[in-house]
Structure formats: structure tokens, C-alpha cells
Enquirer: 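I am attaching a structure below and will ask some questions about it afterwards.
Note that these values count all heavy atoms, side chains included, but never hydrogens, waters or copies made by symmetry. Note that ligands are numbered from 1 as they come in the structure, with each ligand's atoms numbered from 1 the same way. Just so you know, these numbers come straight off a predicted model, no measurement behind them.
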Amino acid sequence: MSQTSLTRFLIEAQRAGQLNPELRLLIEVVARACKRISVAVGKGALGGVLGDAVAGDGGDSINVQGEAQKKLDVLSNEILLEANAWGGHLAACASEEMDHCQPIPDAFPRGNYLLVFDPLDGSSNIDVNVSVGTIFSVLRARDDGPAEDAHFLQAGSEQVAAGYCIYGPSTMLVLTVGHGTHAFTLDREQGSFVLTRRDIQVPVATKEFAINMSNQRHWDAPMQAYVSDLLAGREGPRGKDFNMRWVASMVADVHRILTRGGIFIYPWDRKDPSKPGKLRLMYEANPMSMLIEQAGGAATDGRRRILDIEPGELHQRVPVFLGSREEVEAATRYHLEHDARG
Ligand code: P6P
């Protein structure tokens, strides 16, 4: 049976009226950049790009989030910026690695989309050879003026496309344009992404949760109660045993959940009470939530749908509960019932 390449899939989607030629081109360009990042990541130590970035390496050693940058963080960010060197389809880019968005240079035709991305999420895992990934989200440019940070501040429900590329034993691009979530595997011999899963469905129920348990003493009461009941297993109120996984690479954990179900949780914790969570809304929570919802799952911040949150700043953080719908609803119920008791 003939294979369906990403290009063919996007042309069919365009013919079905699911996206326009400009958005199709943008997705193709992002996919091409991910192939270049996959090559760099795949070289490992042989590529001379493992380890921490150092000042003057094309970026400071600390990013705008105050986090240590890896050389591959800086390289991946540059590849994505370069790849989108303004092929007439973007108004601006924003990234975890950049303090502010980057409007297109005047020399180029202004496009109608905004691209926001985490160039290499989970990069702390690179040096130990664990899967990492690129996460991206596409929004409509708001007006004709030069794009600025404020134009990116749109609720996740406004996304026109979202996806990630996971650099693991195989490189896979997982994508939605609002009509289901689909997975493409990179055929390295052909150099093209091939459709390997159409219209992914997240199992509604699960027995597997993903969380960093070392933070348990810092969680609030509803989180303590929820996880305690998970750990109580079949003898507890949930009446079933649960398994736990935590890769500490959101792309890897979410990919597992899209593949076999589960719930991914990064809740608020009092380690830094000023921060509402660790994960970023615009280029981690929103794109992953769109992918999960398009696959029949659910995504909340413990109380409200993530895609309904109106962002206040580009690098805003948010608590994240996403995955199998029944389990996300159960975790959210613990929080809402706690709030209702006052
Ligand atoms: P922790 C990676 O740094 C990341 O942003 C996500 O990819 C991942 O889920 C999370 O942080 C891991 O956080 O606190 O367990 O290292």
C-alpha cells in the first residue's frame, strides 16, 4: 500500500478545506527544521554539541527563564528561526529562548501567522541520551502592524495548528490542524515524514500517572489527596492499582500518553509560590493540550480547561493535568471539591 507523506497529507487536508496554502507551507518549513534538529541530536557526542552552552556560543549560558542552556538548545532555536527565515508566511516568532518575539524583517513579505515554540524541550536529558523534542504552536497574526509580544497573547483555543517532534529511537512528528491528531515517522532513507498513525485516540481511562514525586511535600491539599488515593491502589477509594512513569521530558511523557493513555501532571508547588507552575502556557501546555483534546483527551490546570486560559505574558507558567479524559476529570474534581469546601 502506498505511503502517505506529510506533504501529501497536508495537500489532502488543504483540498478538504482544513488549512490554507500559507499554513501548509509553514508546517512543512517547521517539519524541515525538525529534520535538521533530529540530525544534530542524533549525532550525540560525535556532533560536538552536547553539554552546556557557554556565553559567546551564540547565546548566554542562561536563558530568559533563568535555566542553564544546552548547546543544542541554542542550535535548535537558531535552526527554527533560520528555517522560518520569513518565507512569506510568518509575522513573527517567539521562543522559550527569546525574551521577546522576533517580527519578520521588513525585507520580507509579512505573513499571517505567529509561531511560538520550545526548540528543545527536556534538553536536560540530552546528555543522558533520553528522548527530547521540539514543541510548536501556530496562532493567527492579529493585524497588519509589526507583530509584538502582545499579539501572541491569545487563548490556546485560538491555535490553528500545534505539534511536536520527538527525537527518540525514531523521530516522529505529531500534528493537529484542528481535525484530529496524527503521527508521522521520519523515514531517514527517504528524508521524509510518513503518516504512521491517523486520528489518534487517547484511551478514556488509565492506570498510569506521570508526575515528579520528589515534589510531593510541596503540593497543596487536593494534590496530596489525589495522589495519595492513586498510591492506595485497589485497597483505596479508586479501587484499582496504578503504575507510574516520569521521563522528565514532556514530549516523551505526552507521546506515551497519546500512544497508550495515562495522565501527565505538573501541579503548582510551594517550592516557588510566586510561580503558578513550572511548565509554560504558550509553548508547552497549549500545544500539548490541543493535541490531547483533538485525540479525545482532556487538559486542565486542575480547575479550568487549559485552552480557555487568557495569557497575560509570553512566558507565563501554568499547572498542567492532561491525558485520559476520565482521569483528568477525576484529578480536577479533587481540586474543585476542595475549593467548594472552602
Ligand atoms: P522536573 C523539561 O525541563 C520540562 O520543562 C518538561 O519537559 C518536563 O516535563 C519537566 O520540565 C520536568 O521537570 O522538575 O521533573 O525536572
Enquirer: Looking at ligand 1, would Ala248 count as a contact under a 4.0 Å heavy-atom criterion?
Expert: yes
Enquirer: Check the pair Arg256 / Glu208 against salt bridge (charged side-chain N to carboxylate O under 4.0 Å, His left out), numbers first and verdict last.
Expert: CA-CA 10 Å; Arg256 185 190 58 255; Glu208 195 161 74; 3.5 Å; yes
Enquirer: Ring centroid separation for Phe136 and Tyr164, is it under 6.0 angstrom?
Expert: no
Enquirer: Which of the numbered atoms in ligand 1 are under 4.0 angstrom from any heavy atom belonging to Asp121?
Expert: 5 (O), 6 (C), 7 (O)
Enquirer: Without swapping roles, check the side chain of Thr181 against the backbone of Leu291 for a donor-acceptor pair under 3.5 Å.
Expert: yes
Enquirer: Test your reading of the structure: does Ser124 have an N or O sitting under 3.5 Å from an N or O of ligand 1?
Expert: no
Enquirer: Can you list the ligand 1 atoms lying under 4.0 Å from a non-hydrogen atom of Phe264?
Expert: 9 (O)
Enquirer: Run the ring-centre check on Trp246 versus Phe264 and record whether the distance is less than 6.0 Å.
Expert: yes
Enquirer: Less than 3.5 Å between some nitrogen or oxygen of Asn215 and one of ligand 1, yes or no?
Expert: no
Enquirer: With heavy atoms of Glu284 as the reference, note each atom of ligand 1 found under 4.0 Å away.
Expert: 5 (O)
Enquirer: Does the residue Asp253 have a heavy-atom contact with ligand 1, meaning some pair of atoms that are separated by less than 4.0 Å?
Expert: no
Enquirer: Can you check ring pair (Phe, Tyr, Trp, His ring centres under 6.0 Å) on Tyr226 and Tyr334, steps first, answer last?
Expert: CA-CA 6 Å; Tyr226 170 64; Tyr334 275 75; 5.3 Å; yes
Enquirer: Check the hydrophobic clustering (I, L, V, M, F, W, Y; side-chain heavy atoms under 4.5 Å; chains of links allowed) and say if Ile292 and Ile211 are grouped together.
Expert: yes
Enquirer: Does an N or O anywhere in Ser249 fall below 3.5 Å from an N or O of ligand 1?
Expert: no
Enquirer: Measure Leu279 to ligand 1 on non-hydrogen atoms and call it side chain, backbone, both or neither using the 4.0 Å cut-off.
Expert: side chain
